[in-house]
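Here's the structure, in structure tokens; my notes come after.
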Amino acid sequence: MARGRFILLEGCDRAGKSTQCAMLVKALQERGHSVELCKFPERTTTIGQMIHAYLTNSKELDDKAIHLLFSANRWEAMQAMKRKLEQGTHLVVDRYAYSGVAFSTAKGLDLKWCMNPDKGLVRPDLTLFLDLPTAEAERRGGFGEERYEKRELQEKVREVFLRLKAKEWVVVDARKSIEAMHQEILNEAEQKIREGEQAKEDALLEDMFEDIC
Ligand code: Z5A
Ligand code: MG
């Protein structure tokens, strides 16, 4: 049996990541696949609650401390994610280490310093980067409620994201309609799953950021 594929949706604020993750999980399940959703930050754990308090401005933390908490929040999920992938379940993941590096670097931390704590995490098989101009993001629901939802920071975040563009990335224009984006994302995901079913060398890729630092 082929291992599950790790399908990541990354991108700019309000680009529709959570909307598209939910639609993708549902569509893949309807096609008979075993698939689960993961989300970062995962706010339900003890570390996740500290992150939530920071994002909603009820707690202040040093920039490096919050960066390390975001990374720890991924590491604490890693064993369970690896187990599911090895058992053949596909994971659709809403934000991951690229967000971690993009936001902290945009705040002024060193890019390589930011990558280090996430080094060796499982690398996605496919990263769909949902690209949206900040002016468009501001017009969408809920923008401005949390700490990082400010135009200048969001523009820097987008620049860093594009510097991180890796070989498994596909850029999706998030100005399109929800349904048009869904069709494009579903096609890419199904193609990656088919490739996985035919692959001979198929070990999990536990080398996130190893080639960059
Ligand atoms: N962060 C970090 O600093 N370090 C890390 O390591 C990680 C994260 C993992 C919270 O993340 C913050 O944490 C985030 C990055 C930082 N800070 N910011 N800014 P989060 O994932 O919890 O954030 P969120 O609250 O879910 O927002 P989001 O992810 O930016 O939104 P989204 O998921 O991309 O969009 P959405 O919720 O699907 O849609 C937003 C609205 O747009 C909604 O009203 C939709 O109906 C509408 N929408 C969606 N698609 C479309 C299209 N195609 N057309 C028109 N309208 C649309
Ligand atoms: Mg979201």
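In each ligand, atom 1 is the first atom listed, and ligand 1 is the first ligand listed.
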Between [atom1] of [X] and [atom2] of [Y], what distance do you get to the nearest 0.5 Å?
X   : Y   : atom1 : atom2 : result
S71 : E76 : OG    : CD    : 10.5 Å
E36 : Q29 : CD    : CD    : 8.5 Å
Q49 : T44 : CD    : OG1   : 7.5 Å

Problem - Is_contact(atom 46 (O) of ligand 1), protein non-hydrogen, under 4.0 Å - result: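 No, there is no protein heavy atom closer to it than 4.0 Å.
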Problem - Under-4.0 Å heavy-atom contact between protein and atom 43 (C) of ligand 1 - result: no
Problem - Short side-chain to backbone donor-acceptor contact, R151 and T134, under 3.5 Å - result: no
Quick one: look up the protein heavy atom nearest [atom] and list residue, atom name and how far away it is.
atom                    : answer
atom 18 (N) of ligand 1 : D13 OD1, 3.0 Å
atom 50 (N) of ligand 1 : I178 CG1, 3.6 Å
atom 26 (O) of ligand 1 : K39 NZ, 3.6 Å
atom 10 (C) of ligand 1 : R43 NH2, 3.4 Å
atom 41 (C) of ligand 1 : R14 CD, 3.9 Å
atom 37 (O) of ligand 1 : S18 CB, 4.0 Å

Using a strict 4.0 Å threshold on nitrogen-to-oxygen distance, state whether [X] and [Y] make a salt bridge.
X    : Y    : answer
D207 : R123 : yes
R158 : E136 : no
R163 : E159 : no
R14  : E149 : yes
D62  : K64  : no
D125 : R3   : yes

Practice task
Decide whether the shortest distance between a heavy atom of R175 and an atom of ligand 1 is less than 4.0 Å.
Solution key: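 False for this residue.
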Look at [atom] and find which of [options] reaches it with the closest heavy atom.
atom                    : options         : answer
atom 14 (C) of ligand 1 : R74, E146, R95  : R95
atom 48 (N) of ligand 1 : R140, K176, K17 : R140
atom 5 (C) of ligand 1  : Y54, Y98, F70   : F70

Would you kindly specify which portion of [X] sits under 4.0 Å from ligand 1, judged on non-hydrogen atoms: side chain, backbone, both or neither?
X    : result
S177 : backbone
I51  : neither
H67  : neither

Please list, in number order, the atoms of ligand 1 under 4.0 Å from a heavy atom of [X].
X    : value
T19  : 36 (P), 38 (O), 39 (O), 49 (C)
E149 : 19 (N)
M181 : 53 (N)
G100 : 4 (N), 5 (C), 6 (O)
G16  : 32 (P), 34 (O), 35 (O), 36 (P), 38 (O), 49 (C), 50 (N)
L55  : 10 (C), 12 (C), 13 (O)
P41  : 8 (C), 9 (C), 11 (O)

Practice task
For the residue pair K107 and H67, establish whether any side-chain heavy-atom pair is separated by less than 4.5 Å.
Solution key: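 No, their side chains stay 4.5 Å or more apart.
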Exercise for the section: Check whether any side-chain heavy atom of E10 lies under 4.5 Å from a side-chain heavy atom of L130, and answer yes or no. Expected result: no
Exercise for the section: Count the heavy atoms belonging to other residues, nucleotides or ligands that lie under 6.0 Å from NZ of K59, then report whether that count exceeds 12. Expected result: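 No, not enclosed.
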Handout entry: Any N/O pair F103/ligand 1 closer than 3.5 Å
Key = no
Practice task
Assess S18: does it contribute an N, O or S atom lying under 2.8 Å from the Mg ion (ligand 2)?
Solution key: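 Of the N, O and S atoms in S18, at least one lies under 2.8 Å from the Mg ion (ligand 2), which means yes.
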Exercise for the section: Take L132 and D13 through the side-chain contact (heavy atoms from CB on, under 4.5 Å) test and state the conclusion after the steps. Expected result: CA-CA 8 Å; L132 186 70; D13 231 54; over 6 Å; no
